[in-house]
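In what follows, a single structure is set out as structure tokens and then discussed.
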There are 2 protein chains.
Amino acid sequence: MAGHGNVVATLKEAGYRLTPQRVMVLQAIAEGGGHQTAEAIHREVVKTYPYLDIATVYRILQLLKRLHLVTEIDLGGDSARYEVAEPNKHHHMVCRVCSRTFDLSTSYLEELRLRLVNEFGFEPDLEHFAIGGQCAECASG
Amino acid sequence: MAGHGNVVATLKEAGYRLTPQRVMVLQAIAEGGGHQTAEAIHREVVKTYPYLDIATVYRILQLLKRLHLVTEIDLGGDSARYEVAEPNKHHHMVCRVCSRTFDLSTSYLEELRLRLVNEFGFEPDLEHFAIGGQCAECASG
DNA sequence: CTAGGTGCAAAGGGTTTGCTACAAC
DNA sequence: GTTGTAGCAAACCCTTTGCACCTAG
């Protein structure tokens with residue numbers, strides 16, 4: 001897998017250490033494909049490194065979230081799920097007043113999508129999505 | 001407040017008892033206005049009836065949810081919030097294959113709205129919302 | 001009367017935190 | 001050598017559950 005160089009670079013630039021645990025967690029998220037729970041990630045890594053603690057997984061996930069390397073999807077009921085962040089994929093919020101557009105990470109709509117699929121079996125088209133509304137500046141001004 | 005008759009009727013029809021606790025919880029939700037947590041509801045009722053247990057609040061909320069009298073909104077991070085269900089207000093899912101439309105409770109988009117407001121200060125226009133996609137039947141058929 | 005509901009207390013599950021030893025740099 | 005991290009265990013928070021008593025119908 002290429003692209004891991006980015007992760008390493010991002011970690012180092014931010015002054016974080018590249019530990020085996022972080023590499024393994026990152027691999028597990030990437031290889032797992034979809035949206036995985038912290039527990040699933042832990043279960044996967046433990047196969048090859050039995051000492052990894054679930055608390056460490058949570059700390060790493062927080063870190064990766066903060067660095068925008070992974071995205072958290074949390075529907076409330078069960079545990080949160082994590083996926084590799086795809087920086088290019090996003091939707092838009094369009095202000096009806098000033099017409100400016102703001103990026104909106106796919107994860108926001110991913111939560112909605114997951115619920116529609118799970119609860120209704122309805123697979124929404126969310127490819128080119130834009131939400132109209134009023135931005136913070138125009139609302140306060 | 002009129003409309004409480006509906007609630008009483010719904011409870012009785014379903015074979016449930018009308019207890020003071022249920023009335024008080026329902027009142028607290030209605031009067032609280034927005035989306036309240038179980039703890040906030042409990043805090044409110046306890047002012048006039050100090051014996052109400054938080055577990056009872058949760059049990060009543062589950063019941064009201066099951067009867068579609070209140071709606072649960074759960075963003076994952078903090079505790080779930082509850083609001084009176086407004087049966088008339090809903091959005092639509094439109095199947096791109098069969099063109100049928102399916103009702104979508106406002107609570108689904110309410111979660112999205114809350115996140116956009118909280119995290120970006122962006123107030124989305126979600127009045128007449130329709131989501132395109134493919135329904136369960138057309139996806140399996 | 002009698003099923004269903006409440007209060008109390010304790011358990012549960014996911015997530016976070018304090019601390020000491022350890023490893024990346 | 002420093003300082004951030006991992007492992008461990010315990011705490012945390014919200015929510016659920018078991019059980020004996022009580023109350024709405």
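Below, chain A is the first sequence line, B the second, and so on; all start at residue 1.
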Just how far, in rounded Å, is P of dT5(D) from CG of L67(A)? 10 Å
Nearest whole angstrom, please: distance from the P of dC14(D) to the CD of Q36(B). 16 Å
Does F120(B) sit in a hydrophobic cluster with other residues, and if so which ones, taking ILVMFWY side chains as linked at heavy-atom separations under 4.5 Å, directly or through other members? M93(A), F102(A), L104(A), Y108(A), L109(A), L112(A), L116(A), F120(A), F122(A), L126(A), F129(A), I131(A), M93(B), F102(B), L104(B), Y108(B), L109(B), L112(B), L116(B), F122(B), L126(B), F129(B), I131(B)
What pairs with A55(A) under side-chain contact (heavy atoms from CB on, under 4.5 Å), at least two apart in sequence or on another chain? D53(A), R59(A)
Go through the structure and list residues passing side-chain hydrogen bond (donor to acceptor under 3.5 Å, both in side chains) with E72(B), not counting sequence neighbours. K65(B), Y82(B)
Could you tell me which residues satisfy side-chain contact (heavy atoms from CB on, under 4.5 Å) with E39(B), sequence neighbours excluded, listed by chain and number? T37(B), R43(B)
I need the minimum non-hydrogen distance between V70(B) and L26(B), along with the two atoms involved. CG1-CD1, 4.4 Å
Residues of residues 39-59 of chain A with any non-hydrogen atom less than 4.0 angstrom from an atom of DNA chain D: list those, numerically ordered, please. Y49(A), Y51(A), L52(A), D53(A), A55(A), T56(A), R59(A)
Specify the residue among Q62(B) and R22(A) whose closest nucleotide of DNA chain D lies further upstream toward the 5′ end. R22(A)
Could you list the residues that satisfy salt bridge (charged side-chain N to carboxylate O under 4.0 Å, His left out) with R96(B), not counting sequence neighbours? D125(A)
Once side-chain contact (heavy atoms from CB on, under 4.5 Å) is applied, do any residues pair with Q62(A), and if so which ones, sequence neighbours excluded? R66(A)
Hydrophobic side-chain clustering at under 4.5 Å (ILVMFWY, transitive links): who's grouped with V97(A)? Put none if nobody. none
Tell me: CD of Q21(A) to C1' of dG7(D), nearest whole Å? 9 Å
Nucleotides bounding contact with chain B, strand DNA chain C, heavy-atom threshold 4.0 Å: dA3(C) to dA9(C)
Should the heavy atoms of other residues, nucleotides or ligands under 6.0 Å from OH of Y49(A) be counted, would the total exceed 12? yes
Specify the residue among E72(B) and P20(B) whose closest nucleotide of DNA chain D lies further upstream toward the 5′ end. E72(B)
Quantified as the angle between the terminal helix axes (five pairs each), what is the overall bend of the helix from dC1(C)-dG25(D) to dC25(C)-dG1(D) to 10 degrees? 40°
Report the distance from atom NZ of K65(B) to atom C1' of dT16(D), rounded to the nearest whole Å. 11 Å
I'd like to check the side-chain contact (heavy atoms from CB on, under 4.5 Å) partners of T101(A); sequence neighbours left out, ordered by chain and number. H92(A), V94(A)
ring-ring contact (aromatic ring centres under 6.0 Å, His included): which pairs involve residues 9-45 of chain A, sequence neighbours left out? none
T19(A) side-chain N/O to dA6(D) phosphate OP1/OP2 under 4.0 Å: yes
What is the distance from CG of L61(B) to C1' of dC14(D), rounded to the nearest Å? 13 Å
For atom CG of L63(B) and atom P of dT16(D), their distance in whole Å: 13 Å
